[in-house]
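So the structure is just underneath, and the comments pick up after that.
Along the sequence shown, residues carry numbers from 1. One-based numbering, in listed order, for ligands and for the atoms of each.
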Amino acid sequence: MTYPTTLSVALGDRSYPIVIGPGLLTQPEWLEPHIKSRQICIVTNTTVAALHESKLRQLLDKIRPDGQITSVHLPDGEAFKTLETLATVFDALLADRHNRNTTLLAFGGGVVGDMAGFAAACYQRGVDFVQIPTTLLSQVDSSVGGKTGVNHPLGKNMIGAFYQPRAVLIDLDLLQTLPDRELAAGLAEIIKYGLIADADFFLWLENNIEALNRRDPEALTYAIKRSCEIKADVVAKDEREGGLRAILNFGHTYGHAIETEMGYGTWLHGEAVAAGMAMACELSVDLGWLEPDVLKRTQQLLEAAHLPSKPPASMTAEAFLKHMAVDKKVLDGRVRLVLLKGCGHAVITTDFDPALLKAQLQRL
Ligand code: NAD
Ligand code: GLY
């Protein structure tokens with residue numbers, strides 16, 4: 001494979017490149033075209049800053065030796081994905097007199113990316129930003145597609161905007177410091193793309209899961225690239241989630257119920273989605289839409305990726321139903337689910353007998 005490898009999110013005059021490869025933070029040519037002025041604001045968190053900010057600083061020194069660089073270190077964690085924390089980004093931008101030509105660099109996982117993107121959407125009614133994702137999950141999912149925002153005490157990701165970055169720069173070297181559990185959480189989203197859109201990719205994942213677990217650069221590059229291609233294609237067809245884009249939430253309705261019931265942070269998002277995908281496959285089998293063999297293969301692949309293939313033992317049918325009833329995808333009182341009609345073919349549907357869902361949950 002030649003490095004870096006590049007693809008595009010096709011959104012007319014808002015189209016942007018996704019560049020994937022090792023060593024991108026040592027190669028000025030990928031970031032330089034997206035910096036409009038000497039003002040740059042790095043938005044990161046305390047963990048990523050300690051591990052990797054010096055490399056980004058060295059790159060900016062090469063691109064803009066005369067640069068005025070502001071750096072905001074957010075506290076680490078989903079609990080800080082709030083309007084209060086977001087305000088500290090605006091405080092820094094205003095204190096350092098950043099104007100409308102400034103560029104924000106979202107340098108972190110999905111929490112940082114969603115917040116920096118939302119800050120860019122709001123600051124002076126919109127300034128440029130570049131995603132430099134540092135977790136596997138953010139490299140294959142949250143940095144692409146322009147969903148930005150923060151949580152509200154009454155709901156996750158409830159305040160936000162669709163706002164696309166100017167570029168997504170995925171430097172594989174950043175993954176070297178990622179904890180194993182966070183790597184596995186990213187693999188869950190990668191497995192999702194195979195199940196919803198590409199049966200051949202699912203087969204490739206089955207054959208290459210050990211290479212991915214040991215962070216083989218070639219295997220990771222291919223898996224990230226194929227995931228981003230699938231996401232970019234869906235986003236290009238349905239940027240604002242009028243319909244199709246909801247397939248990206250495969251496993252998430254069950255998964256959100258697990259996350260909420262267990263308390264955020266007990267199970268990582270990717271872990272809850274993994275169990276949720278196995279459950280969505282199981283219901284698809286119960287409906288006669290999916291061959292039982294695909295369910296078995298999915299469970300085996302999740303386990304090989306060190307992910308759960310079942311919900312936690314403490315989850316009851318009542319807990320699932322309570323949380324699923326308030327999911328964003330509920331339509332006119334009916335739970336809408338993303339299910340499979342064959343490996344690689346997701347559908348968004350209310351067209352199933354709710355008794356089958358109930359029976360599935362009561363088997364737990
Ligand atoms: P995260 O941002 O919390 O990162 C996970 C942990 O890894 C954090 O402790 C972080 O500091 C640490 N970390 C980041 N990079 C590291 C590195 N290179 N080495 C060592 N540690 C590192 O979590 P996440 O899984 O990246 O993202 C989850 C968030 O993404 C959620 O808020 C979710 O809502 C959001 N999300 C958004 C979208 C979207 O389309 N916008 C899609 C999926 C998820
Ligand atoms: N992660 C779901 C989406 O981007 O639509």
Quiz item: Short N/O distance, under 3.5 Å, between G110 and ligand 1?
Solution: yes
Practice problem: Could you establish whether E189 and ligand 2 come within less than 4.0 Å of each other, counting only heavy atoms on the residue side? | Solution: no
Quiz item: Distance-only, no hydrogens or angles: does the K231 side chain make a donor-acceptor pair with backbone N or O of D141 under 3.5 Å?
Solution: yes
Quiz item: When the ring planes of Y254 and F320 are compared, do they come out parallel, tilted or perpendicular, using 30° and 60° as the limits?
Solution: perpendicular
Quiz item: Any N or O of V48 that comes nearer than 3.5 Å to an N or O of ligand 1?
Solution: no
Self-check item: Distance flag, aromatic centroids of W289 and F352, threshold under 6.0 Å
Solution: no
Practice problem: Find all atoms of ligand 2 within a distance of less than 4.0 Å from any non-hydrogen atom belonging to L248, and give their numbers and elements. | Solution: 2 (C), 3 (C), 5 (O)
Practice problem: Check each heavy atom of D141 against ligand 2 and say whether those closer than 4.0 Å belong to the side chain, the backbone, both or neither. | Solution: side chain
Quiz item: Of all the heavy atoms in K81, does at least one lie under 4.0 Å from an atom in ligand 1?
Solution: yes
Exercise. Find all atoms of ligand 2 within a distance of less than 4.0 Å from any non-hydrogen atom belonging to N249, and give their numbers and elements.
Key: 2 (C)
Exercise. Determine, using heavy atoms of H252 and all atoms of ligand 1, whether some pair is separated by less than 4.0 Å.
Key: no
Quiz item: Has ligand 1 got any nitrogen or oxygen that is less than 3.5 angstrom from a nitrogen or oxygen of E182?
Solution: no
Quiz item: Any N/O of V144 closer than 3.5 Å to an N/O of ligand 1?
Solution: no
Quiz prompt | Heteroatom proximity flag, T134 to ligand 1, N/O under 3.5 Å | solution = yes
Quiz prompt | Minimum non-hydrogen distance to atom 4 (O) of ligand 2, winning option of K147, K231, E241 | solution = K231
Exercise. Return the orientation label for the H252 and H256 ring planes: parallel under 30°, perpendicular over 60°, tilted otherwise.
Key: perpendicular
